[in-house]
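Remember, predicted model here, so these are calculated numbers, not experimental data. We count residues from 1, following the sequence as given. Indexing begins at 1, ligand by ligand and atom by atom, following the structure's order.
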Amino acid sequence: MIKISPSLLACNFARLEEEVRKIEEGGAHYVHVDVMDGHFVPNISVGIPIVQALKSITKLSLDVHLMISDPDRYIEEFAKAGADIITVQQEACIHLDRTVRYIKEQGKKAAVALNPATDIRVLEYVLPMLDMVLIMSVNPGFGGQKYIPYSTEKIKALKKMIDKMGLKTDIQVDGGVTVDNCREIKAAGANVLVAGSAIFQSKDIKETIRKLIEY
Ligand code: DX5
Ligand code: ZN
């Protein structure tokens, strides 16, 4: 089943609740929250209070993408604030096994994101513990960037690795996902699509989400 996780980074933050209603009514499955610390990535976005606020207004699962250094310091707080899925960047974790276990101990779904240049093989040993792997198809830090074409090969290789190990791990793709390239991304094996600009800058959010699912 294809799931859509609209990235709030592209929404109108002055109208956060209305924006969330639009994606709920549009049939989104998750709400993607991009947390940036100005250290792991060259940008600062939102944090714990926004996750808490979102939890109070929506029943959709909160898909929290931590683009922050040393995420262990904040995992418990994000879990308490209401994150349902917690994604850490492999590059930010010195002890990835420990970090993944820590997320699971909070009773949350654990996911690991890989930057474009990071090899999927770094996940080989922790893969059985993960609920989802996030393939970054842009360099993290900003919305509205172009999909990096080699990401498709990476998704295919990851899918192969997951199947070979007999796992059911979700494959999420984030960055430059549009109605024009979603078919290729899904055919490669991805089943959770993050889209920011493609959704929030479209005239008809519901129609765009439908296309992202059905194309
Ligand atoms: C990039 C973020 C993405 C981004 C996606 O650092 O992780 O979630 O906001 O935005 P679009 O879909 O506009 O590339
Ligand atoms: Zn993201």
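The distance from ligand 1 to the heavy atoms of G141 drops below 4.0 Å at these ligand atoms: 1 (C), 6 (O). Set against the non-hydrogen atoms of A195, the atoms of ligand 1 under 4.0 Å away are 12 (O). If you number the atoms of ligand 1 from 1 as listed, the ones under 4.0 Å from a heavy atom of M36 come out as 6 (O).
Of the N and O atoms on the side chains of E207 and S202, not one donor lies less than 3.5 Å from an acceptor on the other residue. A donor and an acceptor atom, one from each side chain of N139 and Q145, are nowhere located under 3.5 Å apart. With hydrogens and angles left out, the side-chain atoms of D63 and Q172 include a donor and acceptor closer than 3.5 Å.
Here E25 does not pair with R21 in a salt bridge; the nearest charged N to carboxylate O distance is not below 4.0 Å.
The shortest heavy-atom contact between A92 and S69 is CB-CA, 4.2 Å.
Between A10 and ligand 1 there is no heavy-atom distance shorter than 4.0 Å. The closest approach between any non-hydrogen atom of G175 and ligand 1 is below 4.0 Å.
Here the side chains of L130 and V100 are in contact, with some heavy-atom distance below 4.5 Å.
Residue contacts with ligand 1, taken as heavy atom pairs separated by less than 4.0 Å, involve S7 solely via side-chain atoms from C-beta onward.
Nearest to the Zn ion (ligand 2), among the N, O or S atoms that D174 has, is OD2.
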